[in-house]
2 protein chains.
Amino acid sequence: MRDPLPSYPGYSLRRAANATAADLSARLGAIGMKQVDASILLLLADNPEVTASALGRQLDIQRANMVPLLKRLEDAGLIARTPIDGKSQGLALTEEGRETMTKARVIIDRFESELLARVPAEHRDHLLPALDALWR
Amino acid sequence: MRDPLPSYPGYSLRRAANATAADLSARLGAIGMKQVDASILLLLADNPEVTASALGRQLDIQRANMVPLLKRLEDAGLIARTPIDGKSQGLALTEEGRETMTKARVIIDRFESELLARVPAEHRDHLLPALDALWR
DNA sequence: TATGGATTGCTATGATCAACAACAATCGCT
DNA sequence: AGCGATTGTTGTTGATCATAGCAATCCATA
């Protein structure tokens with residue numbers, strides 16, 4: 001079947017993103033994590049006491065949609081909230097959260113290196129800069 | 001805020017795909033099209049009389065989910081079905097479907113060239129081959 | 001030619017996800 | 001003191017996708 005779509009970079013971009021995301025999802029699923037969960041944990045590891053709003057801004061997730069996300073992580077005992085002032089609350093990893101984050105990071109690091117390994121050597125170093133130009 | 005995520009190619013891949021997809025969606029919305037719709041029309045333009053199943057396989061869309069998709073396009077008068085045998089039916093663009101497909105292709109071509117233009121020249125030619133390696 | 005496995009189109013359903021509007025409480029600047 | 005902006009939240013909606021199941025039809029082979 002003749003298919004003109006793969007010659008479009010934008011189309012290949014979407015297909016590649018879907019394929020790799022499915023792969024990573026499966027791997028993170030092994031430790032009961034989703035990609036968003038892992039993103040939040042990684043961000044929290046580097047930025048203790050950030051606010052839910054700030055997290056959402058960084059990840060492009062609306063405030064309202066952060067609520068169930070954070071609730072799940074809190075119920076799982078991975079993050080804790082501490083009041084900053086009357087309306088803001090700081091988020092931080094619990095001890096268990098830190099352990100889970102470490103596991104997630106191992107999985108992600110392996111995933112990312114395998115991803116890069118699939119790219120032919122002559123194109124490899126160009127991938128990240130090219131992608132950055134498309135959304136940063 | 002310190003953010004280790006953008007240094008991961010896989011993460012940037014997802015973000016870039018989301019950003020560009022949102023852009024294209026907005027542009028196609030101007031003619032009442034969605035990305036899937038346009039994909040189907042483009043594919044149909046090059047492959048008249050293909051079957052719904054074959055289309056779904058090519059686009060990685062399950063048979064069951066093709067039904068409402070094709071129904072919308074048929075109700076809009078963009079595609080027509082002709083029986084091939086007792087159980088299969090060939091899909092093809094109507095005259096109106098061909099016109100809409102042409103409009104969509106103009107939009108997509110412009111979108112894709114603007115997308116490539118955003119990539120620094122030294123990385124540009126590496127993007128498509130790199131992406132291809134990730135899903136083909 | 002009969003038959004069993006695969007294929008096609010479809011219905012129905014559930015899960016997940018993101019967008020949106022609205023709200024009360026609080027903050028911070030003037 | 002007052003006012004606009006921010007925060008966390010609720011509730012709802014629409015879109016997308018996976019899954020299971022089903023009847024009809026096909027195709028290859030015994």
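In what follows, every chain begins at residue 1, and chains take the letters A, B, ... in the order their sequences are listed.
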* **Main-chain N/O of A:G90 paired to A:T51 side chain as donor or acceptor, under 3.5 Å** =>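 No; judged by distance alone, with no hydrogens or angles, the pair does not exist.
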* Backbone N or O of A:P4 within a donor-acceptor pair of the A:S7 side chain at under 3.5 Å? ->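 Side chain of A:S7 to backbone of A:P4, a donor-acceptor pair under 3.5 Å: yes, one is there.
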Euclidean distance, atom [atom1] of residue [X] to atom [atom2] of [N] [Å, nearest integer]:
{"X": "A:L91", "N": "D:dT7", "atom1": "CG", "atom2": "P", "answer": "12 Å"}
{"X": "A:I79", "N": "D:dG8", "atom1": "CD1", "atom2": "P", "answer": "12 Å"}
{"X": "B:M66", "N": "C:dG9", "atom1": "CE", "atom2": "P", "answer": "9 Å"}
{"X": "A:R57", "N": "D:dT7", "atom1": "CZ", "atom2": "C1'", "answer": "9 Å"}
{"X": "A:L55", "N": "D:dT7", "atom1": "CG", "atom2": "P", "answer": "12 Å"}
{"X": "A:R81", "N": "D:dG8", "atom1": "CZ", "atom2": "C1'", "answer": "9 Å"}
{"X": "A:K87", "N": "C:dG28", "atom1": "NZ", "atom2": "P", "answer": "7 Å"}

* **Angle of first-five versus last-five pair axes in the helix from C:dT1-D:dA30 to C:dT30-D:dA1, to 10 degrees** =>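 Taking the rotation axis at each end, their angle is 30°.
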* Does CG belonging to A:D125 count more than 12 external heavy atoms closer than 6.0 Å? ->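 No, because the 6.0 Å sphere around CG of A:D125 holds 12 heavy atoms or fewer from other groups.
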Check ion pair [X]-[Y] (N to O, under 4.0 angstrom):
{"X": "B:E114", "Y": "B:R118", "answer": "no"}
{"X": "A:R105", "Y": "A:D109", "answer": "no"}
{"X": "B:R27", "Y": "B:D23", "answer": "yes"}

Phosphate OP1/OP2 of [N] contacted by [X] side-chain N/O (<4.0 Å):
{"X": "A:S88", "N": "C:dC27", "answer": "no"}
{"X": "A:R63", "N": "C:dA22", "answer": "no"}
{"X": "A:T51", "N": "D:dG8", "answer": "yes"}
{"X": "B:Q89", "N": "C:dC10", "answer": "yes"}

* To do: Compare the minimum distances between each of D:dT9, D:dC26, C:dT8 and the side chain of B:D85, then state the nucleotide with the smallest one.
  =>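 Of the options given, the side chain of B:D85 lies nearest D:dC26.
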* Could you pull out the closest heavy-atom pair between A:M1 and B:L43, with the gap in Å? =>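 What the structure gives for the nearest pair is CE-CG, 3.7 Å.
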* **Residues that B:H126 engages under ring-ring contact (aromatic ring centres under 6.0 Å, His included), provided they are two or more places apart** =>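 With neighbours one apart ignored, the set is A:H123, A:H126.
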* Asked: Among B:L42, B:L24, B:L115, which one satisfies side chain to side chain contact (heavy atoms under 4.5 Å, CB included) with A:Y8?
  ->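 It is B:L42, the one option of B:L42, B:L24, B:L115 that forms the side chain to side chain contact (heavy atoms under 4.5 Å, CB included) with A:Y8.
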* Report, as a single string ordered 5' to 3', how protein heavy atoms within less than 4.0 Å touch nucleotides 14-20 of chain D: B base, S sugar-phosphate only, - not at all. => --SBBBB
